[in-house]
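This is the structure I want to talk about, given as structure tokens.
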Amino acid sequence: MRLATWNVNSIRTRLDRVVDWLARADVDVLAMQETKCADSQFPTLPFFELGYEVAHVGFNQWNGVAIASRVGLDDVQVGFDGQPGWSAKPGLDPAPEARALGATCAGVRVWSLYVPNGRTLADPHYGYKLDWLAALRDAAAGWLHDDPAAQIALVGDWNIAPTDEDVWSPEFFAGATHVSEPERRAFQAVVDAQFTDVVRPFTPGPGVYTYWDYTQLRFPKRQGMRIDFILASPALAGRVSAAQIVREERKGKAPSDHAPVLVDLRDG
DNA sequence: ATGACTTTATATTAAAGA
């Protein structure tokens with residue numbers, strides 16, 4: 001089975017590219033982030049015509065996560081228990097955001113995740129990001145506690161570069177989000193809860209990234225960040241036979257600023 | 001070994017992205 005994750009940066013703008021790649025890449029399950037649309041706007045039919053079921057959650061033009069699967073799509077859950085909400089203005093009650101979607105695909109519990117950006121270290125969004133990650137860790141630890149043999153994949157755009165090797169220039173990002181110690185600790189806490197980065201062993205650095213800013217010729221200059229991850233529970237990690245970051249998909253006309261990341265799983 | 005930001009919406013600027 002081939003499982004992939006991709007921040008598509010608008011599914012409506014990227015539909016042709018995403019569908020073309022799905023058809024070519026033999027992907028069984030694709031988790032998408034930043035679909036940037038409401039549920040009613042999601043283009044389900046092209047996926048259906050290729051043999052994929054789709055689950056999506058999107059409330060407006062921001063965020064939005066989806067899972068497309070041709071090997072079953074069961075027990076769809078919008079958001080994880082304890083997922084914090086966001087108040088756009090001080091004093092407003094926090095509202096849920098479309099940043100997490102779970103579904104079971106051929107026995108694998110897949111979570112499509114779009115971790116909050118954080119904006120700047122001084123922004124309330126940064127505290128929201130850390131809270132969100134802590135709540136995700138707690139929820140995921142609970143799933144494994146309930147069933148240590150569970151096959152769980154936490155996949156998506158984590159908006160964190162776990163080490164200095166995961167950014168093209170640590171100096172450039174000094175004082176910015178994505179590289180701060182609290183963010184890195186929050187990511188490590190998920191890893192410590194037994195969710196392993198199963199892509200890195202197959203895509204060693206340095207200079208290996210999943211995201212390149214649209215500005216400043218970052219992609220041709222190979223100046224990127226590694227912020228998209230597939231983390232696997234022990235039972236799932238044992239099935240991984242290969243992994244790729246599909247850099248080709250960042251090339252050409254109207255690409256997303258992220259590349260797809262995928263793993264191949266042995267029968268289990 | 002690639003291409004000089006991109007997306008969305010109460011739109012002609014603002015907000016968000018990272």
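Lettering of chains follows the sequences in order, A, B, ..., and the numbering in each one begins at 1. Keep in mind that this is a model prediction, so the values were computed, not measured.
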Write down the distance between CG (A/D213) and P (B/dA4), rounded to a whole number of angstrom. 12 Å

Determine, for A/R99 against A/E34, whether the closest basic-nitrogen to carboxylate-oxygen distance falls under 4.0 angstrom.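 Salt bridge: no.
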
Sugar-phosphate only, base, or nothing, as touched by A/R222 at under 4.0 Å among non-hydrogen atoms: sugar-phosphate

According to a strict under-4.0 Å criterion, is A/S10 in side-chain N/O contact with OP1 or OP2 of B/dT8? yes

Just how far, in rounded Å, is P of B/dT7 from CD of A/Q33?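 My rounded result for the distance is 17 Å.
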
Starting at atom CZ of A/R12, determine the distance to atom C1' of B/dT8, rounded to an integer number of angstrom. 8 Å

Check this for me: A/Q194, atom CD, are more than 12 non-hydrogen atoms of other residues, nucleotides or ligands nearer than 6.0 Å? no

Between B/dA18, B/dG17, B/dA9, which nucleotide has the shortest distance from any of its atoms to the side chain of A/N159?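 The answer is B/dA18.
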
Tell me what A/N117 touches on the nucleic acid: a base, only sugar-phosphate, or nothing, going by heavy atoms under 4.0 Å.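 The residue A/N117 makes base contact.
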
Can A/D164 and A/R184 be counted as an ion pair, charged N to O under 4.0 angstrom?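 Yes, charged N to carboxylate O under 4.0 Å.
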
Check the distance between B/dA18's C1' and A/R250's CZ and give it to me in whole angstrom. 13 Å

Mind calculating the distance between CH2 (A/W212) and P (B/dA4) to the nearest angstrom?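 Result: 15 Å.
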
Any A/N9 side-chain N or O less than 4.0 Å from OP1/OP2 of B/dT7: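 False: A/N9 side-chain N/O out of range (4.0 Å or more) of B/dT7 OP1/OP2.
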
Kindly indicate whether the side chain of A/S241, heavy atoms from C-beta on, has any atom under 4.5 Å from the side chain of A/L265.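 Answer no - side chains too far apart.
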
P atoms of B/dA16 and B/dA4, separation to the nearest Å: 26 Å

Between B/dA15, B/dA1, B/dA18, spot the one nearest the side chain of A/W62, thanks. B/dA15

Exceeds 12 heavy-atom contacts within 6.0 angstrom, atom CG of A/D267: no

Toward the 5' end of DNA chain B, which comes first, A/V115 or A/Q61, by nearest nucleotide?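 Counting from the 5' end, the first nearest nucleotide belongs to A/Q61.
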
Listed nucleotide nearest any side-chain atom of A/L217, set B/dG3, B/dA18, B/dT8: B/dG3

Electrostatic pair A/R2:A/D264 at N-O distance under 4.0 angstrom: yes

Looking only at atom C1', what distance separates B/dT7 and B/dA11, rounded to whole Å? 13 Å

Would you please confirm or rule out a distance under 4.0 Å between OP1 or OP2 of B/dC5 and any side-chain N or O of A/R218?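 So the side chain of A/R218 is outside the cut-off, no N or O lying under 4.0 Å from OP1 or OP2 of B/dC5.
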
Ion pair A/D166/A/R226, N-O distance below 4.0 Å: yes

Same apolar cluster: A/V179 and A/V115, side chain cutoff 4.5 Å: no

Interatomic distance at P, B/dT2 relative to B/dA14, whole Å: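 It works out to 37 Å between them.
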
Does A/N7 have a side-chain nitrogen or oxygen under 4.0 Å from the phosphate oxygens OP1 or OP2 of B/dG17?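 So the side-chain polar atoms of A/N7 never come under 4.0 Å of the phosphate oxygens OP1 or OP2 of B/dG17.
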
Can you tell me the distance, in whole Å, between the NE2 atom of A/H125 and the C1' atom of B/dA16?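 From A/H125 NE2 to B/dA16 C1': 9 Å.
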
Here's a test of your reading of the structure: between A/T13 and A/K253, which maps to the more 5' nucleotide of DNA chain B?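 The residue closer to the strand's 5' end, by nearest nucleotide, is A/K253.
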
Does B/dA18 have OP1 or OP2 under 4.0 Å away from a side-chain N or O of A/H258? yes

With sugar-phosphate meaning primed atoms plus P, OP1 and OP2, does A/G252 contact a base, only sugar-phosphate, or nothing at under 4.0 Å between heavy atoms? sugar-phosphate

Could you check whether A/Y211 gets within reach of a base, just the sugar-phosphate, or nothing at all, counting any heavy atom under 4.0 Å? sugar-phosphate

Phosphate oxygens OP1/OP2 of B/dT7: is one of them under 4.0 Å from a side-chain N or O of A/R14? yes

Starting at CD1 of A/I160 and ending at P of B/dG17, how long is that distance when rounded to a whole Å? 14 Å

Tell me whether the side-chain N/O atoms of A/Q41 come closer than 4.0 Å to OP1 or OP2 in B/dA9.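 For B/dA9, OP1/OP2 do have a side-chain N/O of A/Q41 under 4.0 Å.
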
Considering every strand and a 4.0 Å limit on heavy-atom distances, what is the contact class for A/Y114: base, sugar-phosphate, or nothing?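 Sugar-phosphate, backbone atoms only, no base.
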
Distance, C1' atom - from B/dT10 to B/dA15, rounded to whole angstrom: 14 Å

Counting only heavy atoms and a strict 4.0 angstrom limit, can you tell me which residues of residues 174-187 of chain A come near DNA chain B?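 Here the set is A/H178.
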
Identify whether any heavy atom of A/D123 sits under 4.0 Å from a base atom; if not, whether one sits that close to sugar-phosphate; answer base, sugar-phosphate or nothing. nothing

P atoms of B/dA18 and B/dT8, separation to the nearest Å: 15 Å

Atom OG1 of A/T177 and atom CG of A/N117: how far apart are they, to the nearest 0.5 Å? 5.0 Å

In whole angstroms, the gap separating P of B/dT2 from CD of A/E249 amounts to 12 Å

At their closest point, which heavy atom of A/V110 faces which heavy atom of A/I67, and how far apart are they?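 Of all heavy-atom pairs spanning A/V110 and A/I67, the closest is O-CD1, 3.6 Å.
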
